[in-house]
Amino acid sequence: MTARIIDGKQIAMRIRCELQQKISLLPQTPHLAIVLVGNDDSSLIYVRNKQKAAAEIGLKTTLFHLSETTAEEELLSLIDRCNNDSAINGIIVQLPLPAHINTHRIIDRISPLKDVDGFHPYNTGMLQNNEKPYFIAATPLGIMTLIKEVCPDLCGKNVVLIGASLIVGRPLATLMLNQECTVSITHIHTQNIQDLTRKADILIAACGVAKLVKADWIKPDSILIDVGINRADGKICGDIDYDDVLGKAAAVTPVPGGVGPMTIAMLLQNTYDAFIIQHQPL
Ligand code: GUN
């Protein structure tokens, strides 16, 4: 038996088509403000991909591209302007920001109602309280959507996460806990990590180490989600050794074509939702 391949590209395409349809019925075009400070190579690519994907489904984007030396106060006043502009529905500040800027101070300034990245403490706090936030961060939300495709009932499942980042590991752990899973979050200081991963019904690797997870790390018939994007031997690969686990797992996400396309689809979904939330009668 070989594992089922969870085709994130196809699922993301389906979501984008549905969004395009729904957006075409709106009286106005939802509008996403993207703030980019500096010229980090990866950030430039991510931002371009977000703009392209948005345009394809009829979402408007405005890029505010500021210089590397932009002062924190200047960035805060741009956020204030976007917050107060009723024609802007969603705001994202591409991370990482230059070292002289306090990232938390910037994120905290975004209106929770426009925080389509789901990073504002109001939204993360609501998730933590198992209440409904306005927005959930795109990558965790995309991963939940992929897992639900192969495992609709998560109650009681043993979930192990490799990586405790603010953008992926921690919010995802909370989402899984809210679905009644038993969750372990591992990180670089975790001892005997394989004792944990071998018990995982669902294993999520988000640590940025190429092909770390081998077949002998996993439980037979487990679901494997690979968030890593690494370069090894001139090729893109994930944190899971895909070829090694294929004969043992029940389902696995490929890299590329698994989690990556879902992240953009969920950002678009959040921007559509922002428009709807802001146009609801009070
Ligand atoms: N940098 C890496 N991932 C993300 C993301 O999801 N949102 C933003 N704003 N920046 C990022």
Side-chain angles (χ1 to χ4, degrees), residues 8 12 15 31-54 59 61-66 68 70 72 75-76 78-79 82-83 88-99 101-112 114-124 127 133-146 161 163-175 204-208 225-231 236 238-239 255-256 258-271 273-274:
I15 293 166
H31 183 183
L32 172 67
I34 303 175
V35 181
L36 174 62
V37 185
N39 291 298
D40 176 78
D41 284 342
S42 302
S43 291
L44 284 166
I45 295 170
Y46 288 140
V47 164
R48 213 172 300 133
N49 288 344
K50 289 171 188 178
Q51 286 183 290
K52 184 165 169 279
L59 277 178
T61 58
T62 299
L63 174 61
F64 296 94
H65 192 174
L66 310 181
E68 183 82 27
T70 300
E72 192 171 298
L75 188 50
L76 287 169
L78 172 61
I79 306 272
C82 291
N83 283 338
I88 291 178
N89 307 108
I91 304 167
I92 60 170
V93 177
Q94 187 64 32
L95 303 179
L97 287 168
I101 294 176
N102 179 335
T103 301
H104 289 296
R105 198 162 168 235
I106 302 301
I107 301 294
D108 293 3
R109 192 71 155 247
I110 298 172
S111 162
K114 296 191 177 184
D115 169 42
V116 289
D117 256 334
F119 295 162
H120 188 282
Y122 172 86
N123 286 315
T124 55
L127 193 64
Y134 294 121
F135 305 104
I136 296 170
T139 304
L141 192 56
I143 292 169
M144 281 306 284
T145 309
L146 291 180
L161 288 134
S165 72
L166 290 175
I167 293 183
V168 182
R170 287 164 199 251
L172 192 53
T174 307
L175 272 172
I204 301 159
C207 54
I225 305 291
D226 195 342
V227 192
I229 302 176
N230 312 292
R231 199 172 278 276
I236 300 286
D239 295 346
V255 177
V259 173
M262 292 300 289
T263 297
I264 290 199
M266 293 298 117
L267 173 66
L268 303 176
Q269 169 93 58
N270 278 350
T271 306
D273 289 347

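Every value quoted in this text rests on a predicted model; they were computed, and no experiment measured them. Each ligand, and each atom within it, is numbered from 1 in the order the structure gives.
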Residue list, side chain to side chain donor-acceptor pair (under 3.5 Å) with Arg109, at least two apart or on another chain: Asp80
Pairs of nitrogen or oxygen atoms, one from ligand 1 and one from the protein, closer than 3.5 Å: please tabulate them with distances.
{"from": "ligand 1", "atom 1": "1 (N)", "to": "Gln94", "atom 2": "NE2", "distance (Å)": "3.4"}
{"from": "ligand 1", "atom 1": "1 (N)", "to": "Leu95", "atom 2": "O", "distance (Å)": "3.0"}
{"from": "ligand 1", "atom 1": "7 (N)", "to": "Asp117", "atom 2": "OD1", "distance (Å)": "3.2"}
{"from": "ligand 1", "atom 1": "7 (N)", "to": "Asp117", "atom 2": "OD2", "distance (Å)": "3.2"}
{"from": "ligand 1", "atom 1": "9 (N)", "to": "Val93", "atom 2": "O", "distance (Å)": "2.8"}
{"from": "ligand 1", "atom 1": "9 (N)", "to": "Asp117", "atom 2": "OD2", "distance (Å)": "2.6"}
{"from": "ligand 1", "atom 1": "10 (N)", "to": "Gln94", "atom 2": "NE2", "distance (Å)": "3.4"}
{"from": "ligand 1", "atom 1": "10 (N)", "to": "Leu95", "atom 2": "N", "distance (Å)": "3.0"}

Identify which one of Asn89, Thr62, Thr271 satisfies the side chain to side chain donor-acceptor pair (under 3.5 Å) criterion when paired with His31. Thr62
Closest non-hydrogen atom pair between Ala138 and Thr263, with its separation: CB-O, 3.4 Å
Which atoms form the tightest heavy-atom contact between Ala206 and Val227, and what is the distance? CB-CB, 3.7 Å
Does any non-hydrogen side-chain atom of Leu97 lie less than 4.5 Å from one of Leu75?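 Yes. Closest side-chain heavy atoms under 4.5 Å.
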Quick one: does Met262's side chain get under 4.5 Å of Ile15's, heavy atoms only?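 Result yes, sub-4.5 Å side-chain heavy-atom pair found.
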